[in-house]
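Below you'll find the structure, written out as structure tokens, and then a few comments.
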2 protein chains.
Amino acid sequence: MRGKQSLAHTSLLVLSLLSRQDMYGYQMISTLEQKLDRTFALKEGTLYPILRELESQGAVSCYEQEVSGRVRKYYHLTRKGKRLLAEEREQWDRYARAINTVLELS
Amino acid sequence: MRGKQSLAHTSLLVLSLLSRQDMYGYQMISTLEQKLDRTFALKEGTLYPILRELESQGAVSCYEQEVSGRVRKYYHLTRKGKRLLAEEREQWDRYARAINTVLELS
DNA sequence: ATATGATACATTGAAATACAAGGTATGTCA
DNA sequence: TGACATACCTTGTATTTCAATGTATCATAT
């Protein structure tokens, strides 16, 4: 379970957010902060590399839009991204079930 | 969520196993392999550093026992270890709930 | 007018985590 | 005798994440 297997749960969160609507980086961060009130926070240094990676994989496309003088970079989930979301979601379910299985023994 | 916060779930598994009975390293690995049939595997390079860390924290104590010529190193969960288990278990629950919260939105 | 804080992007260096690959040594069984 | 399971362990590397930092614009209050 090197890296990818055990984690990669952060990109799952990003993909999941984008499955509802196109979003820009800062919006993802503040949405999660609001939704997950102090459970954990998604940081810029984590998010932007993930977005770049997802884009290079073709899982998200991206376009800029000016809103009241500020340029926002919106990300959009592609068909490929939707498949990836489904995969990662299933991986997460398996992972969580596995941990809970062990915990239930004690 | 740097390292500790998001993961550290592996030590939770180890603590959980030890809460049922004293175990030796190889036994933990094979028990998990058997229990979690191909979901993931706990590897030596992961386990032994964790055991050393838990021991240095006083969460586990350790004794050797010879069984049919082979020396096994058993680990025992201390009171401190039980407290740590409770903490990590709660952390895991919060973490899993948080992820599921985001997933349910999509 | 200007300072402060929120919005919005991004990078860099360091720490934590996990594993692959390797090593040692003994018991068991064909 | 050789192969495989048991049992311990370490080293080097890849991955993931964050803290810290930087840039720039807008809104608001002073």
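Every chain is numbered from 1, with letters handed out A, B, ... down the list of sequences. Treat the numbers as computed from the prediction; the structure is a model and nothing was measured.
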### Query
Can you hop from Ile50(B) to Leu103(A) via hydrophobic side chains spaced under 4.5 Å?
yes

#### Entry: Same apolar cluster (I L V M F W Y, side chains within < 4.5 Å links), Leu32(B)/Tyr24(B)
no

### Task
Give a yes or no answer on whether the side chain of Glu88(B) reaches the backbone of Leu12(B) with a donor-acceptor pair at less than 3.5 Å.
yes

Got a list of protein N/O to nucleotides 11-13 of chain C N/O distances below 3.5 Å?
from, atom 1, to, atom 2, distance (Å)
dT11(C), OP2, Arg52(A), NE, 3.3
dT11(C), OP2, Arg52(A), NH2, 2.5

Rounded to the nearest Å, what distance is computed from the [atom1] atom of residue [X] to the [atom2] atom of nucleotide [N]?
{"X": "Glu88(B)", "N": "dA16(C)", "atom1": "CD", "atom2": "C1'", "value": "14 Å"}
{"X": "Asp22(A)", "N": "dA8(C)", "atom1": "CG", "atom2": "P", "value": "15 Å"}
{"X": "Met23(A)", "N": "dC9(C)", "atom1": "CE", "atom2": "P", "value": "11 Å"}
{"X": "Leu42(B)", "N": "dA7(D)", "atom1": "CG", "atom2": "C1'", "value": "15 Å"}
{"X": "Arg72(A)", "N": "dT25(D)", "atom1": "CZ", "atom2": "C1'", "value": "12 Å"}
{"X": "Gln34(A)", "N": "dT7(C)", "atom1": "CD", "atom2": "P", "value": "11 Å"}
{"X": "Tyr95(A)", "N": "dT17(C)", "atom1": "OH", "atom2": "C1'", "value": "11 Å"}
{"X": "Ile29(A)", "N": "dA19(D)", "atom1": "CD1", "atom2": "P", "value": "12 Å"}

### Message
Show the nearest heavy-atom pair for residues Ser19(A) and Leu85(A), with the distance to one decimal.
### Response
CB-CD2, 3.6 Å

[X]: side-chain hydrogen bond (donor to acceptor under 3.5 Å, both in side chains) partners, not counting sequence neighbours:
{"X": "Asn100(A)", "answer": "Trp92(B)"}
{"X": "Glu90(B)", "answer": "Arg94(B)"}
{"X": "Arg97(B)", "answer": "none"}

Which donor-acceptor pairs under 3.5 Å do side chains of residues 62-71 of chain B form with protein atoms, sequence neighbours excluded?
from, atom 1, to, atom 2, distance (Å)
Tyr63(B), OH, Asp22(B), OD2, 2.7

### Closest-nucleotide ordering on DNA chain D, the 5'-leading residue of Leu47(A) and Gln27(B)
Gln27(B)

Kindly say if [X] contacts the phosphate of [N], meaning a side-chain N or O under 4.0 Å from OP1 or OP2.
{"X": "Tyr26(A)", "N": "dT7(C)", "result": "yes"}
{"X": "Ser30(A)", "N": "dT7(C)", "result": "no"}
{"X": "Lys73(B)", "N": "dC9(D)", "result": "yes"}

Close N or O pairs between protein and nucleotides 28-30 of chain C (under 3.5 Å):
none

### Message
Applying the side-chain contact (heavy atoms from CB on, under 4.5 Å) criterion to Leu77(A), which one of Arg20(A), Lys82(A), Met23(A) satisfies it?
### Response
Lys82(A)

